[in-house]
Every structure is written in C-alpha cells, then in structure tokens.
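In the text below, chain A, chain B and the rest are named by the order of the sequence lines, each starting its count at 1. Just the heavy atoms: all of them, side chains too, but no hydrogens, waters or symmetry mates, feed the values below.
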2 protein chains.
Amino acid sequence: MQNSLRQFKAGIFRALAHPSRIAIIELLRDEGEIPVSKLYARLELEQANASQHLAVLRSKHLVIARRSGNQVLYSLRDRILGTVLDLMREYFHAHLEESLSLLEDLRTDVPKKRKTP
Amino acid sequence: MQNSLRQFKAGIFRALAHPSRIAIIELLRDEGEIPVSKLYARLELEQANASQHLAVLRSKHLVIARRSGNQVLYSLRDRILGTVLDLMREYFHAHLEESLSLLEDLRTDVPKKRKTP
DNA sequence: TTGTTATATTCGAATATTCGCATATTGTTG
DNA sequence: CAACAATATGCGAATATTCGAATATAACAA
C-alpha cells in the first residue's frame with residue numbers, strides 16, 4: 001500500500017536518474033512540444049538512444065507523444081516535473097560549494113568542448 | 001559544463017530512485033533526527049541494508065549523520081528534499097487514475113495484506 | 001508498388017545496483 | 001583489558017541499466 005506508492009515514486013525518480021533524460025525534460029520544458037528529430041539533434045544524442053530514453057519517460061507517463069504525419073511530437077506531461085527540476089536548481093545553489101566538490105568528482109569525463117588541441 | 005550539472009542532478013535522482021530510500025527520506029522528514037536503530041526498526045529493513053542505503057544518501061549529501069555516543073543520528077540535509085517528495089505526492093494525486101494503473105503494473109509483488117482468499 | 005524519412009524496437013555486451021552474509025569499526029560498560 | 005551494542009563495510013551473486021548496431025514499423029511521395 002504505502003509501499004507500492006513509494007515504488008511508484010521511486011520509479012519516477014529512476015526515470016529522471018539519467019543526464020540525457022534530464023536534458024530531454026529540460027528541453028521540453030523550455031521549448032514546449034518538439035519532434036524527436038529536433039530533440040536528438042539539439043542534445044547530440046544518437047537517434048536510437050534518444051528513442052530509448054523517450055521510451056523510459058513514456059513508460060512513466062512523464063511525457064506525451066503525439067503523432068503528426070511523418071513525425072512524433074513530444075511534450076512534458078505535467079508542469080510539476082519542471083518545478084521539480086527548478087527545485088533541484090535551487091538545491092544546487094543552496095549548497096553550491098559542496099555541489100562544486102561533487103562536480104569535481106564527476107569531472108572525469110565531459111571534456112565535450114575542446115579548443116583545438 | 002551544463003552537462004556535468006545534469007549529471008549532478010541525475011545523481012541525486014538516482015539516490016532517490018529506490019523505495020527504501022524514499023521511505024528513509026520521508027521518515028526523516030516526518031520525525032526529524034533519528035538514530036539508525038529506530039530507522040531500520042520502523043522501516044523493517046535489515047541493519048546492513050539500511051546502512052547501505054544511508055551510505056548512498058550520504059554520498060549525495062542528502063542526509064547528515066551525527067554521532068552521539070553509541071549511536072548515529074541521521075537527519076535530512078535540506079527541506080527541499082521534503083518539498084520534492086511533496087510535489088511527487090501532488091503529482092500522484094493530479095494523475096491519480098493512471099497512477100493507479102501504474103500501481104496495478106507494480107502489483108506483482110507487495111501482496112503484504114491479503115484478506116484470506 | 002518502391003523508395004524514403006522519421007521513429008521505435010530488439011539484441012548482446014559492458015557496467016551498475018541491490019541484497020544477504022560475514023566481518024570490521026567505534027563507543028560504552030564493567 | 002574483555003564483552004557488548006550500534007553502525008559500517010567488503011564480497012559475491014542476482015538483477016537491472018545503458019549503449020551501439022541492426023532491424024522493424026509508420027507515414028508519405030512518386
């Protein structure tokens with residue numbers, strides 16, 4: 001009872017527990033409804049990979065997919081998700097210093113931009 | 001940059017992405033600071049298991065551990081986490097119907113209570 | 001029909017989580 | 001000190017996630 005409710009919540013958090021999926025949510029929050037093609041172009045994801053992540057989000061009903069002719073348009077299911085991410089940002093700022101040290105730990109990958117080596 | 005920030009957020013969501021850890025957070029939110037012994041008694045978790053989950057929460061700085069003599073007292077690091085969980089409840093209610101169908105899907109385990117079949 | 005574009009799904013390997021069990025650590029009491 | 005209580009950690013097996021590669025499906029155009 002109480003228990004499966006927690007499982008429900010955990011499932012949603014799990015769906016949010018990936019950088020690419022967070023990027024997707026943030027993009028949808030900022031841009032509204034967009035086609036998959038634009039989505040994976042913007043986020044520099046492989047098409048298949050983006051589709052897999054979208055499937056995860058769909059399975060938790062976090063996003064809505066709508067077919068429009070050739071393409072599929074995605075949008076956020078509920079503003080609450082945007083709010084949650086805003087809270088995360090707030091949290092991030094509140095604990096900026098140690099957040100930075102956490103980021104330090106993460107700074108093993110993510111070179112991403114490199115100015116002509 | 002933007003990317004490792006998302007990784008940071010994802011890490012926090014991942015820490016929340018387990019029913020037992022959600023239960024821990026909710027318990028700390030409701031009870032304030034409590035010793036581990038009380039925590040795993042209340043949640044009916046194995047001692048080692050509870051400790052492992054607490055380690056996950058600690059690693060993301062979501063909880064604070066304070067030693068007091070023999071025992072270790074845990075508390076929530078930031079009210080924001082409670083707020084996030086409240087939002088989740090709000091979300092749950094907003095989409096109650098389909099949430100219920102999601103719960104149906106989960107109802108593979110969690111028999112828990114059964115009225116003599 | 002055939003071809004083309006857009007998106008989804010399947011598969012398998014690499015990696016990560018989760019749990020119970022055993023053991024280690026820390027503090028207290030006698 | 002030894003014995004005990006409270007908590008943490010290490011290990012290994014079971015399970016779950018993640019990714020790229022290949023393939024499937026859907027809508028449309030010629």
Please determine whether a side-chain nitrogen or oxygen atom of [X] lies at a distance below 4.0 Å from atom OP1 or OP2 of [N].
X	N	value
Arg58(A)	dT7(C)	no
Arg14(B)	dT18(D)	yes
Arg67(B)	dT25(C)	no

To the side chain of [X], which of [options] is closest?
X	options	result
Ser51(A)	dG20(C), dT7(C), dA27(D)	dT7(C)
Asn49(A)	dA8(D), dC19(D), dC19(C)	dC19(D)
Leu54(A)	dA8(C), dT9(D), dT17(D)	dA8(C)
Val72(A)	dA21(D), dT7(D), dT7(C)	dT7(C)
Asn70(A)	dA6(C), dT9(C), dA8(C)	dA6(C)
Glu46(A)	dA22(C), dG20(D), dT7(C)	dG20(D)
Val36(B)	dT18(D), dT5(C), dA8(D)	dA8(D)

With heavy-atom distances below 4.5 Å as the criterion, would you say the side chains of [X] and [Y] are in contact?
X	Y	result
His53(A)	Tyr40(A)	no
Leu85(B)	Leu16(B)	no
Ile22(B)	Phe13(A)	yes
Arg29(A)	Leu81(A)	no
Ile12(A)	Tyr91(B)	yes
Lys9(B)	Leu5(B)	yes
Val63(B)	Arg77(B)	no

Between atom [atom1] in [X] and atom [atom2] in [N], what is the gap in whole Å?
X	N	atom1	atom2	result
Tyr74(B)	dA6(D)	OH	P	15 Å
Gln7(A)	dT18(C)	CD	C1'	13 Å
Gln71(A)	dC28(D)	CD	P	11 Å
Leu57(A)	dA8(C)	CG	P	12 Å
His53(B)	dT9(D)	NE2	P	15 Å
Leu73(A)	dA26(D)	CG	P	18 Å
Tyr40(B)	dT7(D)	OH	P	6 Å

Mind checking whether Ile25(B) and Val36(B) sit in one hydrophobic cluster, side chains of I, L, V, M, F, W, Y counted as touching below 4.5 Å?
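Same cluster: Ile25(B) reaches Val36(B) through Ile, Leu, Val, Met, Phe, Trp or Tyr contacts under 4.5 Å.
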With a 3.5 Å cut-off and heavy atoms only, can you find an N or O donor on one side and an acceptor on the other between the side chain of Gln52(A) and the base of dG20(D)?
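Pair found.
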Quick one: does Gln47(A) reach the base of dA8(C) with a side-chain donor-acceptor pair under 3.5 Å?
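Counting by modelled atom types and ignoring angles, a donor-acceptor contact under 3.5 Å is found here.
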Under a 4.0 Å heavy-atom cut-off, which of residues 22-30 of chain B touch DNA chain D?
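The stretch gives none, as no residue of it lies under 4.0 Å from the strand.
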Heavy-atom nearest nucleotide on DNA chain D for Val56(A) versus Gly69(A): which residue maps closer to 5'?
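The residue whose closest nucleotide sits nearer the 5' end is Val56(A).
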Would you classify Ser37(A) as touching base, sugar-phosphate or nothing, given that sugar-phosphate means primed atoms plus P, OP1 and OP2, and contacts are heavy atoms under 4.0 Å?
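Sugar-phosphate, no base atom in range.
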